[in-house]
Amino acid sequence: MADDFYNHQEIEPKWREYWRDQKLHEARDDDPRPKYYCLDMFPYPSGSGLHVGHWRSYVLPDCWSRYKWLQGYKVLHPMGWDAFGSPAENDAIKKGIQPAIGTRNNIENFKRQLNEIGAIYDWTREVNTTDPGYYKWTQWIFVQMFKHDLAYKTFMPVNWCPSCKTGIANEDVVNGRCERCGAEVTKKELNQWMLRITRYADRLLDNLKDLDWPDKVKTMQANWIGRSEGAEVTFQAIKTDGTHVPVRIFTTRPDTLFGATYMVLAPEHPLVGELTTAGRRDEVQVYLDKVKSESDVDRAAKTEKTGAFTGSYAINPVNHAKIPVWIADYVLMGYGTGAIMAVPAHDERDHEFATLFGLPIVEVIQSPAGIEKEAYCGEGTMINSGEFTGRPSTEGKTAIVVWLQAKGVGKGTINYKLRDWVFSRQRYWGEPIPIIHCPKCGSVPVDEKDLPVRLPEVERYQPTGTGESPLAAIVEWVNVPCPKCSGPAKRETDTMPQWAGSSWYFLRYASPHATGALVSEEGKPWLPIDMYVGGIEHAVLHLLYSRFFTMFLCDIGVVPFDEPFKRLFNQGMITYIGKSGKVEKMSKSKGNVVNPDGLVQEFGCDSLRMYELFVGPPELDAEWNDKGIEGVYRFLKRAWHWVTMHNGRWSAAPSKEMLVLRHLLVKNVTDRLESFRMNTIVSSFMEFVNEVTSMRKAPDKATVEVFLVAIAPFAPHFAEELWSRTGHSPSVFFQSWPKWDETYTTADTVTVAVQINGKLRGTIVVKAEAGEAEVMTAASQNPDVARYLDGKQIRKQVYVKNRILNLVVS
RNA sequence: GCGAAAGUGGCGGAAUUGGCAGACGCGCUAGACUUAGGAUCUAGUGGGGUAACCCGUGAGGGUUCGAGUCCCUCCUUUCGCACCA
């Protein structure tokens, strides 16, 4: 019958419509079941379509959500749009389409394509960061941060992307290049809004240990925060006029203080001028000019150290040694105090520098291999260290800090690599920063009742490049009365980075339509997120910012938790041979995209879903194979045939063998789901179908039911159709996840491998849990084994129950 | 340079975590059904050897009755950090 073949083209749209009509995807606040919040990282709605690489990231969370659903949870699985940001703006500039309109069109297209995946998103909770009803709350958070002294404006050199024509955050700079466009980043002095994320540094670090996240991501965040304990020590530098000026340095090795043989200031250090002697002025100036002309990229690529002597000296507080003060660009102004004591004997960088410029090297930690050839950075016994000589360096660390503190020349301190977050962008397409500058009252936040500050329409979107956003040109928008004194004032014209809206969107899904609060009381029980799925590329930026926002919102009572994502899973990317001939990440720019539309047409959405899982371990990158989907398609067809050919003619009672297969399937699929080995789940189903079809007997109804429920999260249309055809209603998703019975998954007979001298010589079938003597008897009767035992003496026998018998003979 | 992960047939990948290496799929070979097959089904498929057997998880060593799995040395690939004192 024509009706009996697996017609995916017919059944897939039908069931999608059914789910939509039945509102199967909607998460209801009043649903009494326990909640489960599964979240996909929301996309930027780009104009180019979804390729099979995108598909992979949406399939896994959908399968997981459907699994959780069958387990009896009310599942929140929402979707939205991270729609602010340069691409829409650049499009606007290029094609003359307003970003708002371009974005709307892209979202339409994206939604249609997501629908093809068969994913159950709750579209009633869709959020869009560019919606004024949404960014009202992004601005509200900024105002709260301002009120809590977490947002401040300051004039400082920031990373400037000459191509995007905007200042960007440290996190946006990758190897000296702009993370968005790849242009070399330069420095620019700008008056910028900053967020004091550093205030949360310790908490951001300490909380990591309790998160169920991949260690890799935790490590990356910990490294980014870069906490290091040490001491700040004050040296007295002698100025050209003979007076002393304190220079503070940071060190993690106070135990090596006696080995400081020179000092280095960052070229940008404020004391460089005062400490440069007349005789050295020219040389120092040449060096400063050279450093200034170098980009970060050049500076990073440089292998040899450079520097210049200022001509001045400083006094080491512990031994009053007079040591020269140098400047060198291996010392960074942005970290610690911008000055170091150099201990060439016990620091690689200092050693290299000292060797190059002929500076003295004094050993103060006993070094196994000496310190002439290279620095010794380990611990050991302190030597040449005055009263501390003879003590272990680990002890010396604290002892010297105590000593410094008592003398008032230093103290224990902690430094972080993490910097405050540059939050201003001089671009059009972002949330206006809700601040009004009043000549009398200073920076005044916009009244909460006046939020949102809507983004006005402009004629020109082009970034000006002057350090001002295009908004600055809209006089009627900029000029407003001061909220405090009503005098003439001006709006802030910088906008927020794209990260702003994505740093809290996951909270808004809980109550996307609430007008009186960021999260309503009804919405709160959905939070926090139980499972967050997305790419590793957000390991630092998005995830760190989101944690910071959540901590702050927790502190001001908006949410009752300070970590938003309990569990994180990073999906690997899909790779494919690109036009370069190499295997690369699948992307439009690499010219190696595989369009899913044709595959859906030919093999169906369910085949593609299952192949996306089957392609490889979900956490690893996987290379796309054009033929691979055919295997999954064949499997679905075989399974379809198996069910339909026996439909209604089920065997009355399951055979023992069938029961074993059924329970083993449930056990395998469940175990593999829980451990996220999605690729092997597909294998489990294939093995099951291979087995049951080769039995050439009708299955019992219960086995088929279990099979259909178990496969429903992965091939939902397929499962629904067969569920209905086998006389069930309503949806298969109203069933509950099947359980297995250990009595069937543990066989009564087992095959035991028999090895002679570690080599497999035969296998024997024995009762499960059989004793060693019994197995030994069976083994010696097995001809394959016996021939190796003939005339030999058994020296040793090792038996591992139900697995293996190894006989050592001679 | 530092750190992390990984290296298994022609290919993607399995392996209950120390116990029969190569599940499952792709590809390939042979056969069946077919006017036909790029459909479907059946059988086979790590390498060598007529065979008994031997060899096989990047390379080399070690621990063990037994190692893809643990330890040491090295090589390669990918990712992250990259003068953070």
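No experiment lies behind these values; they were computed from the predicted model shown. Labels below follow one simple rule: chain letters A, B, ... track the order of the sequence lines, proteins then strands, and each chain is numbered from 1.
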* To do: Quote, to the nearest angstrom, the C1' distance that separates B:rA23 from B:rG12.
  => 13 Å
* Under the ring-ring contact (aromatic ring centres under 6.0 Å, His included) rule, what do A:Phe353 and A:Tyr262 come out as? Steps first, then yes or no, please. => CA-CA 10 Å; A:Phe353 191 82; A:Tyr262 64 101; 5.6 Å; yes
* To do: For A:Val808, report the nucleic acid contact type (base, sugar-phosphate, nothing); a contact means any heavy atom under 4.0 Å.
  => sugar-phosphate
* Interatomic distance at P, B:rA36 relative to B:rC26, whole Å -> 25 Å
* Interatomic distance where CD belongs to A:Glu687 and C1' belongs to B:rA23 [whole Å] -> 5 Å
* Could you work out the separation of B:rG22 and B:rA5 based on their P atoms and round it to a whole Å? => 28 Å
* When you get a sec, tell me which of B:rC24, B:rG27, B:rA85 is the closest nucleotide to the side chain of A:Ser683? => B:rC24
* What is the distance from CD1 of A:Ile681 to P of B:rA15, rounded to the nearest Å? -> 12 Å
* How does RNA chain B look in dot-bracket form if you count Watson-Crick and G-U pairs under 3.5 Å, write [ ] for pairs that cross, and put | where a base pairs with another strand? -> (((((((..(((......[....)))((((((.......))))))(((....)))..(((((..]....))))))))))))....
* Looking at the rings of A:Phe5 and A:Trp640, which for Trp means the six-membered one, are their centres under 6.0 Å apart? -> no
* **Out of B:rC55, B:rC81, B:rA85, whichever nucleotide has its closest atom nearest the side chain of A:Lys417** => B:rC81
* Kindly say whether the aromatic ring centers of A:Phe714 and A:Phe685 come within a distance under 6.0 Å. => yes
* Can you tell me how far P in B:rU76 sits from the matching atom in B:rG56, rounded to whole Å? -> 24 Å
* With sequence neighbours left out, which residue pairs that include part of residues 608-619 of chain A fulfil the side-chain hydrogen bond (donor to acceptor under 3.5 Å, both in side chains) condition? -> A:Asp62-A:Arg609
* **Rounded P spacing from B:rA51 to B:rA39 in Å** => 33 Å
* **Inter-nucleotide C1' distance (B:rG46, B:rC11), Å rounded** => 13 Å
* What interatomic distance, in whole Å, is found between C1' of B:rU16 and the corresponding atom of B:rG10? -> 29 Å
* Asked: If the C1' atom of B:rU35 is compared with that of B:rA43, how far apart are they to the nearest Å?
  -> 26 Å
* Residue A:Lys305, side-chain atoms from C-beta onward, closest of B:rC83, B:rA85, B:rA39 -> B:rC83
* **Pair A:Tyr416 + A:Tyr335: ring centers closer than 6.0 Å** => no
Can you pull every protein N or O that's under 3.5 Å from an N or O on nucleotides 78-80 of chain B?
| from | atom 1 | to | atom 2 | distance (Å) |
| --- | --- | --- | --- | --- |
| B:rC79 | O2' | A:Lys216 | NZ | 3.1 |

